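All of these numbers come straight from a predicted model, not from anything done at the bench. Letters go in sequence order (proteins before strands), and every chain restarts at 1.
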Amino acid sequence: MASELTKHIYQIVQDIPYGKVATYGQIARLAGNPRAARAVGFAMRNVPDGLCLPCHRVIFQDGSLCTGFAFGDPQIQYQMLKKEGITFDAQGRVRLDRHRYIPGQRDLPVECPIQ
DNA sequence: ATCATGACGTGCG
DNA sequence: CCGCACGCCATGA
């Protein structure tokens, strides 16, 4: 059975909106354990059947995708993200500064209106 | 209760 | 920018 932290993790991942991505460490922090990034990865690996999670939107802090992805090939995750509108740099890493999921954030990025 | 493992993150060189 | 070592957490034998 999954611990409370794990359940919390699933709940957070489920809230990641379309076209947005979050990092393992970020989720861990949102779940209350900033240092449980690794546990997040473990949680994603043991996702309960019947539960539909956008786990493909969970990536590394540096924007790279996990190697040996469970979907079959890392390419799959890349395709899915790309299809959602996620953009990558020349090095094949996600532009986190542009697609990072932030709870409570409005649709539009809207930078500080300095006026 | 202890040891080893893994879809992580950070610091250094 | 890349690679490596160490630290952290939850899980299973």
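Here salt bridge (Lys or Arg N to Asp or Glu O under 4.0 Å) pairs that include residues 5-16 of chain A, with residues two or more places apart or in two chains, are A:Glu4-A:Lys7. Counting only residues at least two apart or in different chains, salt bridge (Lys or Arg N to Asp or Glu O under 4.0 Å) contacts with residues 33-52 of chain A are absent.
For A:Thr23 and B:dC8, the shortest distance from a side-chain N or O to OP1 or OP2 is not below 4.0 Å. OP1 or OP2 of C:dC2 has at least one side-chain nitrogen or oxygen of A:Gln91 nearer than 4.0 Å.
Rounded to whole angstrom, the span from the CD atom of A:Gln26 across to the P atom of B:dT10 amounts to 11 Å. Atom P of nucleotide C:dC2 and atom CG of A:Asp62 are separated by 9 Å, given to the nearest angstrom. In this entry the distance linking CD of A:Glu4 with C1' of C:dC9 reads 16 Å, nearest Å. Atom CD1 in A:Ile27 sits about 15 Å away from atom C1' in C:dC9, given to the nearest Å. Residue A:Asn46 contributes atom CG, which lies 14 Å from atom C1' of C:dC9 at whole-angstrom precision. When the C1' atom of C:dC1 is taken as reference, atom CG of A:Asp89 falls 12 Å away, rounded to whole Å.
For DNA chain B, the neighbouring residues in residues 30-45 of chain A, judged by any heavy atom under 4.0 Å, are A:Ala37, A:Arg38, A:Gly41, A:Phe42, A:Met44, A:Arg45.
Heavy atoms of A:Leu5 sit under 4.0 angstrom from primed sugar atoms or phosphate atoms, though from no base atom. Using a 4.0 Å heavy-atom distance criterion, A:Arg29 is classed as making no nucleic acid contact.
A:Glu84 has a carboxylate O that lies under 4.0 Å from a charged side-chain N of A:Arg57, or vice versa, which qualifies the two as a salt bridge.
Here the shortest heavy-atom pairing between A:Tyr24 and A:Ala37 reads CB-O, 3.8 Å.
With contacts defined as side-chain heavy-atom distances shorter than 4.5 Å, the pair A:Gln26/A:Arg100 qualifies.
For A:Asp89 (side chain) and A:Gly92 (main-chain N/O), a donor-acceptor pair under 3.5 Å exists by modelled atom type.
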